[in-house]
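Quick note on labels: first sequence line is chain A, next is B, and so on, each numbered from 1.
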Protein chains: 2
Amino acid sequence: MTASLRQVAERAGVSIRTVSNVVSGFAQVAPDTRARVQEAIDELRYRPNAAARHLRGGRSGLVALAVPEIASPYFGELAGLLVREAERRSWMLLVQQTDGDAEHERRLLDGVRGQVVDGLVLSPWALSPRELRRAPGGVPVVLLGEQDADGLLDHVAVDSVAAAREATRHLITLGRTRIAAIGPQPQLDNGTAARRVEGYRQALAEAGLPADPAREVPVARLHRADGAAAMAALLDAGREVDAVFCFSDQLALGAMQAALSRGVRIPGELAVVGFDDVEDGRYATPSLTTIAPDKEAIARDALNCLADRLGSGHQDRPARRIVAGHRLVIRDSTAGLAGRRS
Amino acid sequence: MTASLRQVAERAGVSIRTVSNVVSGFAQVAPDTRARVQEAIDELRYRPNAAARHLRGGRSGLVALAVPEIASPYFGELAGLLVREAERRSWMLLVQQTDGDAEHERRLLDGVRGQVVDGLVLSPWALSPRELRRAPGGVPVVLLGEQDADGLLDHVAVDSVAAAREATRHLITLGRTRIAAIGPQPQLDNGTAARRVEGYRQALAEAGLPADPAREVPVARLHRADGAAAMAALLDAGREVDAVFCFSDQLALGAMQAALSRGVRIPGELAVVGFDDVEDGRYATPSLTTIAPDKEAIARDALNCLADRLGSGHQDRPARRIVAGHRLVIRDSTAGLAGRRS
DNA sequence: CACGTGGCATACAACGTTGCAAAGTGGGCC
DNA sequence: GGCCCACTTTGCAACGTTGTATGCCACGTG
């Protein structure tokens, strides 16, 4: 099948160890020996055996990304960036799906851990901080989103309170006063959604606008269909609403679709803001105003966390809480001018 | 760190081999011995070491998916299905991105191969059949799309000629006669695009419509921006066009956006059909008529191919050419009735 | 009683790699 | 000429697992 160090050694007339030295460029090897060995390597097309290295060294070079659903545009885009970032470090990315299922997430925490990957980037959905905390001492974990496991695991997230406040404030500056929020998830112990609600309420309070609980529409998942259903519910209930802040672009796109199909004009009668800045939103009609998290930074920082926990000496440093940047991107769904996309 | 067979064996007072037998349920083990061993396993939280199994058995339980871009909705959706399908077989999915780069694809063919994964699902973009063919005897490969490597590698794809013909024919039955195609890629040796052009032309010919080369708009990539640019070019050139068949939903969504932003009514003045049936299209305004490939079948069949090449005895069976099903899904971008989404 | 049989448990080796320690080689210096 | 040192190369062991072969025991049968 594929050549091993032994075969290369035989061919080059040296010991296995010397070939290993050439391959890993470790110890000093005499130039002519190195050349002879290299020749044998090329002829036999030798490639280091990953399994053996993994067994010997305890590192697989694999990192897992676990998200509720990889088909979701936000996670797809993030996965793309993580793959790229991983490659930069000679790692490879393994993708796991939790389907937003607690049991699944639990299994990942002590299943994939310690076995095949060197680290895990987890976007928890159903698991409470309490459960995340009891993660055993396996491989390093980085959480995405604001589920902070009581400071026991590293995590990377945007400042959702601030971002939600900015988004809502933006709607307020447009003169909207009856602003709904689509995306709370009271049924889950979900830090991210809770914080976005908080930011939304803060902005309303700052502006002296009343907070109407009936305008906070909870959703079960973050799909377009959930956004569409939520919007439909708002409209059917006759809630007079002139703007809506959606906790994800997916929800916003679904909401827009539902509103448009009922003849509601956007942004004229209804201004819409999303969250995530996925590509779909940029090309939707109208294009979607949104909070754009710095996804590159999230990907980079997440792998940085893993990298330095894998590095020597830092294994037990206290958990980090990294705040990634974000900015409000204003597009047609809130811009009066019915103009071009950003 | 994590317990090994040795430690379990010591604790249970049996040999390593016996523990192994318990774990893999292989040889016969006396009930009380089994119970004792199981107890030790539980107490020590023993988990089989993946690296050692990989080294010993030559199987890693990993399968790679290599696509140009995982952030693209079509590949994201496919990845989700593949992860699920892989899980059903106790495999895990590794994601690689080629960025549509030939060198990258080449490296994957003989790099990832034979080293860390048991199989590779590759969606080639830039590599010609000729190059794909010289794939060395590493791990099994399945190609997605219609790049068939001269019958040397398994591949799974929809019948693009037939699908493109149906899509175009649908536009013709609406009474459209000046039908453009967005998506040819003459600069690439890309079987898929070529076949879609072919189906498009066939439909025109069948209907006795003239084929106007200027209405076949090539694109460099399949992003929304490319579709938007192509549409803009068509409109700016003053080509009178009353329908367009786009080779992917992404292109179609970009094209719709460009048309809408210039005040072109869809489907009134311009009917649009896409290809892929990604979720975005279902929620676009108007919702997008498209060719829906049977993605579940593609995922299943791709892994089936790998599975039975990994199984005993079938390693050298001739390459398979699997045709996945597809259907035309008619939505608002071609339906006169400006109604609800499908 | 000797032998075969079947059930159960074990020993050994090997998968391919690398850390460690030590051996071999040659040259330079006193 | 002898000795030390630096440079280069090597052998051994171990990572954790499983295939193969074998050992041990009790039991039933001829």
Side-chain angles (χ1 to χ4, degrees), chain A residues 1-41 44-62 90 113-118 138-139 312, chain B residues 1-41 44-62 90 113-118 138-139 312:
Chain A
M1 191 67 76
T2 175
S4 74
L5 283 183
R6 184 212 295 282
Q7 342 228 13
V8 177
E10 279 171 10
R11 179 159 193 122
V14 297
S15 78
I16 291 180
R17 200 61 188 75
T18 297
V19 181
S20 173
N21 285 336
V22 170
V23 170
S24 36
F26 206 61
Q28 314 217 40
V29 179
D32 59 335
T33 310
R34 154 163 282 124
R36 203 150 31 102
V37 170
Q38 190 59 51
E39 193 177 356
I41 287 176
L44 295 175
R45 289 197 174 169
Y46 167 79
R47 305 277 165 187
N49 180 298
R53 283 189 161 173
H54 182 188
L55 178 59
R56 192 55 176 58
R59 291 286 166 81
S60 65
L62 298 176
S90 322
R113 290 186 67 162
Q115 291 322 312
V116 37
V117 301
D118 296 338
V139 301
S312 48
Chain B
M1 191 64 75
T2 175
S4 75
L5 283 183
R6 183 213 296 281
Q7 341 227 15
V8 177
E10 278 170 10
R11 180 162 196 119
V14 296
S15 78
I16 292 179
R17 199 62 186 79
T18 297
V19 180
S20 174
N21 285 336
V22 171
V23 171
S24 37
F26 207 61
Q28 313 216 39
V29 179
D32 58 337
T33 310
R34 152 164 283 125
R36 203 153 27 104
V37 170
Q38 188 59 52
E39 193 178 355
I41 287 176
L44 295 176
R45 288 200 177 165
Y46 167 79
R47 305 278 164 189
N49 179 297
R53 282 189 161 173
H54 182 189
L55 178 60
R56 193 57 177 55
R59 290 286 166 81
S60 64
L62 298 176
S90 323
R113 293 187 67 165
Q115 291 323 313
V116 36
V117 300
D118 296 338
V139 300
S312 46

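Distance from the side chain of B:Pro48 is smallest to D:dT17 among C:dC8, D:dT17, D:dT9. Candidate nucleotides D:dC15, D:dG16, C:dT18 were compared by shortest atom distance to the side chain of B:Arg6, and D:dC15 ranks first. The A:Asn21 side chain lies nearest to D:dT10 when the options are C:dA13, C:dC8, D:dT10. In this structure, the nucleotide among C:dT18, D:dT10, D:dT8 sitting nearest to the side chain of A:Val14 is D:dT10.
To the nearest 0.5 angstrom, A:Leu44 atom CG is 11.0 Å from A:Leu5 atom CG.
A pairwise comparison of heavy atoms in A:Val117 and A:Ser60 identifies CA-OG, 3.7 Å as the closest pair. For the residue pair B:Gly25 and B:Arg34, the shortest heavy atom distance occurs at CA-NH2, 4.3 Å.
Look at CG on A:Leu44: it is 15 Å from C1' on C:dG16, rounded to the nearest Å. With rounding to whole Å, B:Ile16 atom CD1 is found 8 Å from D:dG16 atom C1'. Taking atom CG on A:Asn49 and atom C1' on C:dA14, their separation rounds to 13 Å, with Å as the unit. Rounding to whole angstrom units, CZ of residue A:Arg47 and C1' of C:dC15 are separated by 20 Å. If you measure from atom CG of B:Leu55 to atom P of D:dT18, you get 12 Å, rounded to the nearest angstrom. A straight line from CZ of B:Arg56 to C1' of C:dA13 spans 8 Å, rounded to a whole angstrom. One atom, CG of A:Leu5, and another, P of C:dC15, lie 12 Å apart when rounded to the nearest Å. Whole-Å rounding puts the B:Glu10 CD to D:dG16 P distance at 12 Å.
At the heavy-atom level, B:Gln28 lies under 4.0 Å from the strands shown only through sugar-phosphate atoms. Looking at heavy-atom distances under 4.0 Å, A:Val23 makes no contact with the nucleic acid at all. Counting non-hydrogen atoms under 4.0 angstrom, A:Thr18 reaches a base of the nucleic acid. Using a 4.0 Å heavy-atom distance criterion, B:Arg53 is classed as a sugar-phosphate-only contact.
Regarding contacts with the backbone of C:dT18, a side-chain N or O of A:Ser20 is found under 4.0 angstrom from either OP1 or OP2. Taking 4.0 angstrom as the limit, A:Arg17 places none of its side-chain polar atoms (N or O) nearer than this to OP1 or OP2 of C:dC20.
Residues B:Asn49 and B:Arg53 bring no donor and acceptor atom of their side chains to less than 3.5 Å of each other.
Each of B:Pro31 and A:Ser24 lies near DNA chain C, and the nucleotide nearest B:Pro31 is the one positioned closer to the 5' end.
Remark: side-chain polar atoms of A:Arg59 are not paired, donor with acceptor, to backbone N or O of A:His54 under 3.5 angstrom.
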